[in-house]
Amino acid sequence: MSGFPPDEPSAEVRVSPNFGPRRGTPGPDMIVLHYTGMATGAAAEAWLCDPASEVSSHYLVHEDGRIVQMVRESDRAWHAGKSSWFGQSDINSCSIGIEIVNPGNTLGYRNFPKPQIDAVIGLCAGIVKRHSIPAQRVLAHSDVAPGRKVDPGEKFPWKALFAAGIGHVVPAAPIRRGAVLKPGDTGADVEALQSMLALYGYGVEITGAFDRQTEIVVEAFQRHFRQRLVDGVADGSTIRTLERLLASVRIASLK
């Protein structure tokens, strides 16, 4: 493919060869946000368009707010890897992937510039409108691939997106001293925690045992919804924030 008209009017087009047809779905119903985790935006853009990389995303948003589209929204980009949400494992087929230029946790993770976030908000708004994507299906890579991925990370300003009508957040409950659920714990309270995480969409087995996978999923939840402290421990703040999140989904479904 030599080129295509951009789905997002403000986007430049640089075609990646790394794509294919969506499988088992008529179109996307999810947005997955990433950070690039590379030293420069130019290097990330080149990598996503290199056939040797076998990775791609629909969009790349540079730090200055410039948007590059590499795969048509109707096609399946290769951005999510091994992942799941609500038991669906082919996240690439049901999602649109947006890579946001940032060196990430291993190369000097930094705050996302305002022009970049403004561009992400505008891009997401267009995608949501074009595909009727629900707020709770605007997700982090770390949500759909907990443990394997941590992007876009705890510095990503989900609140700014939510204020613009994009995505789903609730006020995080205050962090206070008190009882916690932690690795090694077992029982009904752990089972309830696992059930709530699974009910929101996370891939966690409901066993009643706070195992390593549960800890990883709690970290992923915190990284998105309780960013002040990401430690994998289900303290009162984490549990109450999760309860608020589920309650807001139920309230929204009644409207």
Hey, are [X] and [Y] close enough for a salt bridge, meaning a charged N less than 4.0 Å from a carboxylate O?
X	Y	value
Arg110	Glu63	yes
Asp235	Arg226	yes
Arg76	Asp90	yes
Arg137	Asp29	yes
Glu215	Lys182	no

Item to check | Flag if over 12 foreign heavy atoms under 6.0 Å of CD, Glu205 | outcome: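 Open.
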
Provide the closest heavy-atom pair for [X] versus [Y] in the form atom of the first, atom of the second, distance.
X	Y	answer
Thr214	Gln194	OG1-NE2, 2.9 Å
Pro17	Cys49	CD-O, 3.3 Å
Arg223	Val150	CD-O, 3.1 Å
Asp189	Leu181	O-CD1, 3.6 Å

Checklist entry - Among Asp7, Val61, Ile31, whose side-chain contact (heavy atoms from CB on, under 4.5 Å) with Leu123 holds? => result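 Passing option: Val61.
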
Within the distance-only criterion (no hydrogens, no angle test), does the side chain of [X] pair as donor or acceptor with the backbone N or O of [Y] below 3.5 angstrom?
X	Y	answer
Arg22	Ser95	yes
His224	Val169	no
Thr241	Ala173	yes
Arg244	Pro171	yes
Ser93	Ile91	no

Next on the checklist: Which residue in the set Phe86, Phe225, Phe221 passes ring-ring contact (aromatic ring centres under 6.0 Å, His included) when paired with Tyr200?
Outcome noted: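 The option that passes is Phe225.
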
Whether the [X] and [Y] side chains hold a donor-acceptor pair (N or O, under 3.5 Å, no angle test) is what I'd like checked.
X	Y	value
His79	Glu99	no
Glu191	Thr207	no
His168	Ser248	yes

Checklist entry - Between Tyr109 and Lys155, is there a cation-pi geometry (under 6.0 Å to ring centre, at most 45° from the normal)? => result yes

Next on the checklist: Under the criterion side chain to side chain contact (heavy atoms under 4.5 Å, CB included), I'd like the reasoning laid out for Glu45 against His62: C-alpha separation, chi angles, the key distance, then a yes or no.
Outcome noted: CA-CA 9 Å; Glu45 186 175 327; His62 286 277; 2.8 Å; yes

